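Here is the structure we will look at, set down as structure tokens.
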Amino acid sequence: MTKYKSDFLNVLETRGFIHQLSDPEGLDRQACDGTISAYIGFDCTAPSLHAGSLLPIMMLYWLQQTGHKPITLMGGGTTKVGDPSGKDETRQLLTAEKINENMDGIKQVFAKFLKFGDGDNDAIMVNNADWLDHLNYIDFLRDYGPHFTINRMMAFDSVKLRLEREQPLTFLEFNYMILQAYDFLELNRRTGCTLQMGGSDQWGNIINGMELGRRVDGAQLYALTSPLLTTSSGAKMGKTAGGAVWLDADMLSPYEYWQYWRDVEDNDVGRFLKLFTTLDMGEIARLEQLEGAEINEAKKVLANEATGLLHGDEAAKQAEETARQTFEQGGAASGLPSVEFDTGELEGGMGLLSALVTAGLFSSNSEARRAVQSGAVKVNDVQIKDFRHQLTDSDMQENAIKLSMGKKKHALLVGKQV
RNA sequence: GGAGGGGUGCCUGAGCGGUUAAAAGGGACGGGCUGUAAACCCGUUGGCUAUGCCUACGUUGGUUCGAAUCCAACUCCCUCCA
């Protein structure tokens with residue numbers, strides 16, 4: 001099938017995870033001969049990871065499934081510096097407290113995909129602040145500075161891009177690649193890790209670490225990157241109307257997460273099934289054959305599988321059921337995002353606009369009013385175009401009012417006696 | 001330290017005394033078509049107790065009947081020189 005002998009590279013290859021690989025034969029042999037440890041670094045710039053990080057997480061998942069050891073590296077130290085790759089502007093510096101806070105949130109997610117522990121191929125988590133925070137400047141410069149030339153550093157895309165666009169690149173950021181390179185070396189020393197994976201934008205950084213390891217310790221290290229993931233229409237993964245597609249259930253409900261996968265473009269379905277589900281390739285091939293309206297079945301499978309991996313099968317089923325009731329029957333499913341309100345407000349009529357804002361469908365009355373006027377709003381599935389409309393007791397159905405914005409966004413106002 | 005350029009709405013970016021809630025594009029959202037796609041077409045895109053009011057063009061003052069537009073100070077950023 002593929003040119004690889006090892007399960008690990010075979011799986012990654014057939015599922016479309018591999019973009020660049022530094023030494024295919026060498027790594028393949030390593031993976032066949034024994035257990036390899038590989039790491040991926042994660043930023044701590046947000047309190048939760050989003051769908052964009054799912055790809056690297058899945059790589060670690062397959063790494064473990066094929067018998068190897070995943071290492072998740074939290075960028076507690078490097079986040080203090082900020083990766084300039086792919087950024088036009090200097091990132092805002094985060095405080096140490098904020099970084100730690102974010103790190104706590106991010107940790108939760110990994111446990112759902114990886115098995116942590118002390119076993120041979122159990123995953124471990126490390127924080128590069130552990131070694132970066134205590135570096136001695138002069139010692140560090142003397143030990144590792146000679147292995148980097150400015151000439152080469154200038155040639156890196158992340159640097160070149162800034163210079164060409166005449167955007168500032170601070171010395172702080174300029175150092176980022178050195179620190180990341182050092183991470184690789186340090187991890188190799190500490191845990192025997194020999195492979196670093198990451199998005200294609202990390203290629204340069206990873207190569208740096210590889211070379212540093214070779215020069216300093218004579219270690220044979222490997223680099224593997226995944227393709228930069230965009231949707232067929234070119235948009236970045238993981239962003240949606242309401243913001244990022246967070247992996248934390250508190251920041252994005254399983255139902256909304258399910259909807260995200262349900263709504264992917266036709267052209268992405270096959271690719272996403274391979275990348276974000278664990279279905280076997282035969283099943284995926286079958287789903288890929290579906291065309292026209294039938295492709296919706298494949299999308300549901302995608303949504304179920306992806307949601308199941310993250311939030312559990314139970315949550316996935318619920319989300320599917322909620323979606324089925326909402327879209328296919330037009331009913332008010334209980335699993336919709338719901339907000340409690342005081343039923344006393346209905347006496348004498350409750351303004352439609354404020355109800356919509358309360359339900360979280362709009363952020364301001366004006367925004368809600370415009371939407372009502374353009375016919376986007378429905379109350380219990382009946383379109384209302386008068387923004388002065390008042391909701392009353394008679395709108396309550398089974399102790400809730402279903403409010404809709406457009407075809408896809410629904411919310412329930414659930415009555416609460418006070 | 002010296003010289004120049006610049007800070008406009010979610011983003012890019014026009015405007016350079018009144019007709020500016022601020023061109024244009026992007027993005028986003030809504031409607032139509034569909035399959036809860038894509039593409040395409042149309043609309044919306046500061047807030048409010050709404051034929052009116054308030055807030056907004058880095059900050060603070062000033063000139064003026066009137067300022068995003070002129071002046072001053074401050075501040076932040078960029079480029080070049082030392």
Side-chain angles (χ1 to χ4, degrees), chain A residues 87-93 162-173 230-245 255-273 287-288 290-304 306-307 319-333 335-337 345 348-357 360-378 381 383-390 402-411:
Chain A
K87 311 252 174 349
D88 238 6
E89 287 170 20
T90 306
R91 277 200 209 182
Q92 240 188 337
L93 282 181
R162 286 277 185 94
L163 296 180
E164 273 168 11
R165 296 178 153 225
E166 304 198 333
Q167 295 291 331
L169 176 77
T170 64
F171 184 64
L172 175 73
E173 294 171 285
T230 56
T231 67
S232 293
S233 34
K236 257 193 194 156
M237 273 289 295
K239 298 280 180 192
T240 173
V245 181
Y255 168 71
E256 289 168 288
Y257 188 74
W258 193 92
Q259 280 295 318
Y260 173 74
W261 294 106
R262 173 61 184 82
D263 279 337
V264 302
E265 296 169 27
D266 284 9
N267 294 333
D268 292 327
V269 175
R271 199 155 53 100
F272 286 4
L273 278 168
L287 291 168
E288 275 185 303
L290 299 175
E291 279 183 9
E294 288 187 340
I295 203 166
N296 283 325
E297 287 312 310
K299 289 186 187 180
K300 283 181 200 169
V301 174
L302 173 63
N304 280 336
T307 308
E320 183 184 23
E321 181 56 22
T322 300
R324 199 181 61 77
Q325 284 177 20
T326 308
F327 288 104
E328 293 174 21
Q329 298 178 347
L336 290 173
E345 291 185 51
M350 180 185 188
L352 172 61
L353 298 185
S354 62
L356 289 166
V357 173
L361 291 173
F362 298 96
S363 55
S364 74
N365 284 3
S366 296
E367 196 183 313
R369 177 169 37 75
R370 278 192 295 269
V372 171
Q373 284 171 330
S374 67
V377 168
K378 289 179 183 165
D381 300 307
Q383 186 184 58
I384 306 285
K385 284 189 118 162
D386 174 17
F387 64 86
R388 291 176 212 277
H389 184 81
Q390 299 282 315
K402 181 186 178 192
L403 298 172
S404 312
M405 167 177 74
K407 292 174 192 160
K408 293 184 183 175
K409 286 195 185 157
H410 309 275

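Chain letters run A, B, ... following the sequence lines, proteins first, then strands; residues in each count from 1. Treat the numbers as computed from the prediction; the structure is a model and nothing was measured.
- Between A50(B) and U59(B), the distance separating the two C1' atoms is 32 Å to the nearest Å.
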### Query
When you look at His410(A) and Phe327(A), which way does the side chain to side chain contact (heavy atoms under 4.5 Å, CB included) test go after all the steps?
CA-CA 10 Å; His410(A) 309 275; Phe327(A) 288 104; 4.1 Å; yes

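- Taking CZ of Arg370(A) as the reference point, atom OG of Ser374(A) lies at 9.5 Å (rounded to 0.5 Å).
- Minimum heavy-atom separation, Val372(A) to Leu353(A): CG2-CD2, 4.0 Å.
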Atom pairs and distances, donor-acceptor, side-chain atoms in residues 294-301 of chain A, under 3.5 Å, two or more places apart:
from      : atom 1 : to        : atom 2 : distance (Å)
Asn296(A) : OD1    : Arg262(A) : NH1    : 3.4
Asn296(A) : OD1    : Arg262(A) : NH2    : 3.2
Asn296(A) : ND2    : Ala293(A) : O      : 3.3
Lys299(A) : NZ     : Val264(A) : O      : 3.0
Lys299(A) : NZ     : Asp266(A) : OD1    : 2.8
Lys300(A) : NZ     : Glu328(A) : OE2    : 3.0

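- A heavy-atom distance below 4.5 Å is found between the side chains of Lys408(A) and Asp263(A).
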### Query
Could you run down nucleotides 30-36 of chain B 5' to 3' and tag each one B, S or - for protein heavy-atom contact under 4.0 Å?
SSS-BBB

Please list, pair by pair, any protein nitrogen or oxygen found under 3.5 Å from a nitrogen or oxygen in nucleotides 50-52 of chain B.
from   : atom 1 : to        : atom 2 : distance (Å)
A50(B) : N6     : Arg369(A) : NE     : 2.7
A50(B) : N6     : Arg369(A) : NH2    : 2.1
A50(B) : N1     : Arg369(A) : NE     : 3.0
A50(B) : N1     : Arg369(A) : NH1    : 3.1
A50(B) : N1     : Arg369(A) : NH2    : 2.3

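- A distance of about 35 Å separates the C1' atoms of U49(B) and U64(B), rounded to the whole Å.
- Scanning for side-chain hydrogen bond (donor to acceptor under 3.5 Å, both in side chains) contacts around Glu345(A) gives an empty result, with sequence neighbours left out.
- One can place CG of Leu287(A) at 19 Å from P of A37(B), the figure rounded to the nearest angstrom.
- Rounded to whole Å, the P atom of A72(B) lies 24 Å from the corresponding atom of C78(B).
- Summarising the geometry, the separation between CD on Gln373(A) and C1' on C29(B) is reported as 15 Å, rounded to the nearest angstrom.
- Rounded to the nearest Å, the gap between the P atom of U69(B) and that of G1(B) is 28 Å.
- The same atom, P, is picked in A14(B) and in G62(B); the two are 31 Å apart, to the nearest Å.
- Between Met405(A) and Leu356(A), the closest side-chain pair of non-hydrogen atoms is not below 4.5 Å.
- Regarding Leu361(A), its CG atom lies at a distance of 17 Å from the C1' atom of U44(B), rounded to whole Å.
- If you take atom C1' in G5(B) and the same atom in G58(B), they sit 16 Å apart, rounded to whole Å.
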### Task
Would you write the dot-bracket representation of RNA chain B, where each base gets (, ), [, ], | or . depending on whether it forms a Watson-Crick or G-U pair under 3.5 Å and with which partner?
((((((((.[[[..)..(.....]]]((((((.......))))))(((...)))...[[[[[..)....]]]]]))))))).

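- Distance check on atom P: A68(B) versus U20(B) gives 13 Å, rounded to whole Å.
- Asn304(A) is linked by a side-chain hydrogen bond (donor to acceptor under 3.5 Å, both in side chains) to Trp258(A), Glu320(A), counting only residues two or more places apart in sequence or in another chain.
- Spacing between atom CG of Asn267(A) and atom C1' of A39(B) amounts to 11 Å, rounded to whole angstrom units.
- In this entry the distance linking CZ of Phe362(A) with C1' of A28(B) reads 14 Å, nearest Å.
- Closest non-hydrogen pair, Asn365(A) versus Val357(A), comes out as OD1-CG2, 3.4 Å.
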### Query
How far apart are the C-alpha atoms of Asp381(A) and Lys378(A), what are their side-chain angles, what is the distance that settles it, and do they pass the salt bridge (charged side-chain N to carboxylate O under 4.0 Å, His left out) test?
CA-CA 5 Å; Asp381(A) 300 307; Lys378(A) 289 179 183 165; 6.0 Å; no

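- Of the possible polar contacts, none joining the Glu367(A) side chain to the Phe362(A) backbone as a donor-acceptor pair under 3.5 Å is found.
- Val269(A) places none of its side-chain heavy atoms less than 4.5 Å from the side chain of Leu290(A).
- On the C1' atoms, A22(B) is 28 Å away from C41(B), given to the nearest whole Å.
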